[in-house]
Undergrad: 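Sharing a structure below in structure tokens format, with a few things to ask.
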Amino acid sequence: MDLMPHQQAERATQKAQENTEELVELITRAIREDGTAEPLNGLFLQRASSPREPLHGVSDLALCVIAQGSKAVFLGQERYQYDPAHYLLSAAGLPLVGHVLEASKRRPYLSLRLKLDPALVGAVMAQAGHPLQPNQANVRAIKVSTLDAGLLDAVVRLVRLLENPTEAPFLASLIAREIVYRLLRGEQGDRLRHIAPPSEYTVPIVMAIERLHKDFDQPLRIDTMARELGMSTSGFHHQFKAVTAMSPLQFQKRLRLQQARRLMFGEGLDAASTAYRVGYNDASQFNREYKRLFGVPPMRDVDRLRDGARQNGGLGVD
């Protein structure tokens, strides 16, 4: 007998709740201590038993799903919050700040991040017949959307493979393909088509981001970069900010300061030496901008990171 619409909705809601509960159980068994693990290639699990200090890092092209708790991600001045009812889709190479908001020992924060292979996205696009829409050049490189039942079900089946290691090598790639297909069919499909395989609209911005990562310590000449990319200076600036939520100069500054943090934390450099290494000629300007981003002066921040690493089993800079 066919179900009434309200009965179908109730069943879908119940199934989604069951899937979320199973995802909590699967991640809990897979990662028993606070931290991050990569049990399958490209699949990262995270657990935290308390809200953490905001962590700075560089994004992948990835699908991010929370099983329990909530998190805020900042791109420039823009804030994106998500939870078990929502997913986040990010482009590669973005300097982000992530902040776990809800977490406790009784109900730890549990999440997963699945790196998406641009080649796979392109192949699924071609097979599924998803053309690129030419009127969507300025597509933001990060967004949060509602996690629909089909996508959640595919994610659960992928994580379920962690408990079936003999099946994982054969089925993981198939489920990843399904996940990409469901993303392309979903609310963020148009965004994924633009931020994954570089299109004629995003190639210049992708190239600019790659160059900024490579030459973050070099002086930034926006006019020259725009000309080399075949764009006007104003057009380049507008499209770069439309994608990354930052101007090229703000983007470079964020990369420099994040690299400085890694150098001081990982290599034990002092603030003055680090400032020079990442492209600053003025140590006082470096100190001001570092404090503005991270909240405290450089060496005090590094001491804080080391204390946090000792308390959290080695976790420091993401």
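Quick note: residue numbers are just sequence positions, from 1.
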Undergrad: Do the side chains of Met299 and Val278 join up, straight or via other hydrophobic residues, at under 4.5 Å, putting them in one cluster?
TA: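 Result: yes, single cluster for both.
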
Undergrad: Do Val100 and Phe74 belong to the same hydrophobic cluster, where Ile, Leu, Val, Met, Phe, Trp and Tyr are linked whenever their side-chain heavy atoms lie under 4.5 Å apart, directly or via other members?
TA: no

Undergrad: So, Arg47 side chain and Ile31 main chain: donor-acceptor pair closer than 3.5 Å or not?
TA: yes

Undergrad: Can any side-chain N or O of Asp282 pair as donor or acceptor with the backbone N or O of Ser284 at less than 3.5 Å?
TA: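 Judged by distance alone, yes, a pair lies under 3.5 Å.
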
Undergrad: Closest heavy-atom contact between Pro248 and Leu212?
TA: O-CD1, 4.3 Å

Undergrad: Taking the six-membered ring for Trp and the single ring otherwise, decide whether the centroids of Phe240 and Phe251 are under 6.0 Å apart.
TA: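 Centroid separation for Phe240 and Phe251: below 6.0 Å.
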
Undergrad: What about Met207 and Phe236, same hydrophobic cluster or not, with Ile/Leu/Val/Met/Phe/Trp/Tyr joined at side-chain heavy-atom distances under 4.5 Å?
TA: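 Per the 4.5 Å side-chain linkage, Met207 and Phe236 are co-clustered.
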
Undergrad: Hey, is the main chain of Ala141 close enough, under 3.5 Å, to the side chain of Arg191 for a donor-acceptor pair?
TA: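 Between the backbone of Ala141 and the side chain of Arg191 there is a qualifying donor-acceptor contact (under 3.5 Å).
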
Undergrad: Val97 and Leu257: same hydrophobic cluster, using ILVMFWY side-chain contacts below 4.5 Å?
TA: no

Undergrad: Counting distance only, does the side-chain N/O of Asp34 pair as donor-acceptor with the main-chain N or O of Ser49 below 3.5 Å?
TA: yes

Undergrad: For the side chain of Arg79 and the backbone of Val73, is there at least one donor-acceptor N/O pair under 3.5 Å apart?
TA: no

Undergrad: Whether the side chain of Asp148 engages the backbone of Gly150 through a donor-acceptor N/O pair (distance < 3.5 Å, no angle test) should be reported.
TA: yes

Undergrad: Check ring pair (Phe, Tyr, Trp, His ring centres under 6.0 Å) between Tyr280 and all other residues, then give those that pass, not counting sequence neighbours.
TA: Phe286

